[in-house]
Protein chains: 2
Amino acid sequence: MSDTSFDHKDCGTCPIRHRAVCARCDTDELAELDVIKYYRSYEAGQPIIWSGDRMDFVASVVTGVASLSQAMEDGRTQMVGLLLPSDFLGRPGREFAPYDVVAVSNLTLCCFRRKPFEQLMGRTPHIGARLLEMTLDELDAAREWMLILGRKTAREKIASLLAIIAQREASLAHSSTSDGMVFELPLTREAMADYLGLTLETVSRQISALKREGIVSLEGKRRILVPDFDRLMIETGDDADGGLMI
Amino acid sequence: MSDTSFDHKDCGTCPIRHRAVCARCDTDELAELDVIKYYRSYEAGQPIIWSGDRMDFVASVVTGVASLSQAMEDGRTQMVGLLLPSDFLGRPGREFAPYDVVAVSNLTLCCFRRKPFEQLMGRTPHIGARLLEMTLDELDAAREWMLILGRKTAREKIASLLAIIAQREASLAHSSTSDGMVFELPLTREAMADYLGLTLETVSRQISALKREGIVSLEGKRRILVPDFDRLMIETGDDADGGLMI
DNA sequence: CGTAATGTTGATTTGTATCAACGAGTGTGG
DNA sequence: CCACACTCGTTGATACAAATCAACATTACG
């Protein structure tokens with residue numbers, strides 16, 4: 001069932017060893033983390049946490065994709081975070097979850113019991129420093145997303161989402177974005193709509209339009225082929241260089 | 001000219017001493033910060049930094065309000081951060097600014113030269129820990145904002161903005177939100193529109209509607225009076241309790 | 001094979017943007 | 001002192017992008 005199962009228990013072979021919250025830890029610190037860690041797997045679609053639940057762990061995403069979302073009483077839902085491998089889930093010092101967390105694809109988490117993790121963080125600056133860096137990156141991503149939500153057209157939103165996923169996949173796989181690229185879209189039309197503040201019908205129409213114009217093509221429902229990444233970038237409405245300044 | 005001028009140079013009397021990035025610093029650490037700090041003031045409307053500029057400092061907002069915004073080539077603008085007193089501006093390790101920063105009201109910053117600040121951060125965990133905490137809070141605020149941008153109606157957006165400002169002012173002033181409250185709205189209609197992903201005309205119309213229905217009233221253009229805060233909260237679309245869970 | 005989940009497409013409605021005119025307040029210079 | 005320009009805000013008429021309502025297609029699955 002699980003096509004992304006993860007059966008390592010050893011940080012030495014962990015696929016996110018050098019990107020996750022533990023990236024800067026030395027051997028001793030890893031050993032300390034090892035004592036309080038455990039793996040958990042979820043199947044695509046399974047809920048991980050409901051907003052308001054007590055949360056006694058924090059975690060790194062090892063494989064798969066999870067979403068954070070906020071729901072209004074009448075059912076309107078906005079995704080507010082998309083957790084890809086190496087992303088961190090939870091907040092040290094926080095007892096109750098403020099968002100719903102769902103496994104979008106099959107998912108493996110590397111969980112740490114929260115209390116001991118907090119204590120360990122107090123002792124090892126490496127962890128706090130890395131978490132700060134990751135949180136600042138997430139804040140930047142959230143701000144880019146705010147521009148998408150507030151000011152982009154439906155077409156630009158879709159193009160932006162595809163470009164973001166494509167770039168993140170490319171960076172994980174160390175492949176180039178320049179020539180034709182193919183990637184798996186881990187989201188349903190509804191999840192994309194919740195990400196972008198659209199309805200699923202609008203998502204479907206805009207994807208069809210991009211397809212019709214040859215900017216993307218599909219293999220099945222989920223596999224996306226982008227023959228010319230620059231062409232896609234034009235449709236995002238962003239300036240060509242992507243505005244990267246580290 | 002400046003009605004919010006700040007002429008202390010002493011952290012002991014600083015209004016944000018216990019909320020800013022230096023909140024947890026002891027006397028020795030404050031002394032170290034003192035060596036690399038300087039104050040700068042801006043008048044309402046003045047630009048502080050343009051996106052792409054080199055940034056050789058980081059700073060705390062001492063008094064006043066600043067905005068972070070992202071602009072698209074065609075002029076569409078989205079505000080992505082609103083910095084109130086005690087909020088932190090800049091990112092350690094980052095050389096170029098990714099956003100435009102503007103003084104929305106008269107503003108005083110407590111600036112730290114970036115390089116020495118980074119070094120100091122490496123030595124004093126208190127600063128990094130506080131910055132992590134503040135960044136996590138900002139991330140939460142950004143996520144609440146994403147729900148507003150993606151899923152709320154124009155009316156709900158306006159009500160949400162008013163509620164957010166009202167609550168933050170109340171918490172700074174240690175006053176209650178329960179009975180009638182009055183506060184200064186530091187934003188122009190255009191800035192509100194950029195915050196909420198609306199046009200200024202729509203902002204104006206929705207404020208007029210809330211006024212017509214007695215949910216708010218205005219003294220002049222900027223002074224807002226909220227006779228019944230719960231009534232305003234209903235208009236935000238959020239559930240009554242505000243969903244606070246620390 | 002039937003049923004449910006997911007996705008596509010069409011017809012219509014609607015909320016907000018856009019275009020446009022105007023009002024109130026403020027500062028400036030003749 | 002008043003005419004003028006300029007900024008900021010309000011209000012009205014109209015256009016349009018996306019939501020909504022609805023039907024149907026495709027795929028997965030017991």
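Just so you know, these numbers come straight off a predicted model, no measurement behind them. Lettering of chains follows the sequences in order, A, B, ..., and the numbering in each one begins at 1.
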Length of the line joining A:Arg212:CZ and C:dT8:C1', which is rounded to integer Å: 11 Å
Distance test, side-chain N/O of B:Thr202 to OP1/OP2 of C:dA17, below 4.0 Å: yes
Closest-nucleotide mapping onto DNA chain D: is A:Ala154 or B:Arg189 further toward the 5' terminus? I mean the 5' end. B:Arg189
Please work out if B:Thr188 contacts a base, only the sugar-phosphate, or nothing of the nucleic acid, heavy-atom cut-off 4.0 Å. sugar-phosphate
With a 4.0 Å limit, can you tell me whether A:Thr199 has a side-chain N or O closer than that to the phosphate oxygens OP1/OP2 of D:dA19? yes
Gap between atoms CD1 and C1', on A:Ile158 and D:dA18 respectively (whole Å): 12 Å
Under 4.0 Å, counting only non-hydrogen atoms across every strand here, what does B:Gly197 touch: a base, just sugar-phosphate, or nothing? sugar-phosphate
Could you tell me if B:Arg223 sits above the aromatic ring of B:Phe183, with its cationic atom closer than 6.0 Å to the ring centre and no more than 45 degrees from the axis? no
Distance check needed: C:dT6 P versus A:Asp194 CG, whole Å only. 13 Å
Which part of the nucleic acid, if any, lies within contact of A:Ser208, taking any heavy atom under 4.0 Å across all strands shown: a base, the sugar-phosphate backbone alone, or nothing? sugar-phosphate
Would you say B:Arg222 reaches D:dG9's phosphate, i.e. side-chain N/O to OP1/OP2 under 4.0 Å? yes
Does A:Ile207 reach a base, just sugar-phosphate, or nothing at all? Heavy atoms under 4.0 Å. nothing
Residue pair B:Lys211 / B:Ser217, side-chain donor-acceptor N/O under 3.5 Å: no
By nearest-nucleotide position on DNA chain D, the 5'-leaning member of A:Glu201 and A:Arg155 is A:Arg155
In this structure, how many angstroms lie between the C1' atom of C:dT6 and the CZ atom of A:Arg223, rounded? 19 Å
Going by the angle between their ring planes, with limits at 30° and 60°, are A:Trp145 and A:Tyr195 parallel, tilted or perpendicular? parallel
What's the closest nucleotide to the B:Leu198 side chain, out of C:dG7, D:dA18, C:dA17? C:dA17
Nearest 0.5 Å, what's the CZ-NZ distance between B:Arg189 and B:Lys221? 7.5 Å
Would you mind reading off the distance between B:Leu200 atom CG and D:dT11 atom P, rounded to a whole angstrom? 13 Å
Whole-Å distance between D:dT11 P and B:Leu210 CG? 13 Å
Take the protein atom CZ of A:Arg205 and the nucleotide atom C1' of D:dA19, then report the distance between them rounded to whole Å. 9 Å
When you check the side-chain N and O atoms of B:Ser41 and B:Thr108, is any donor under 3.5 Å from an acceptor? yes
Can you check the B:Lys211 NZ to D:dG9 P distance for me, whole Å? 11 Å
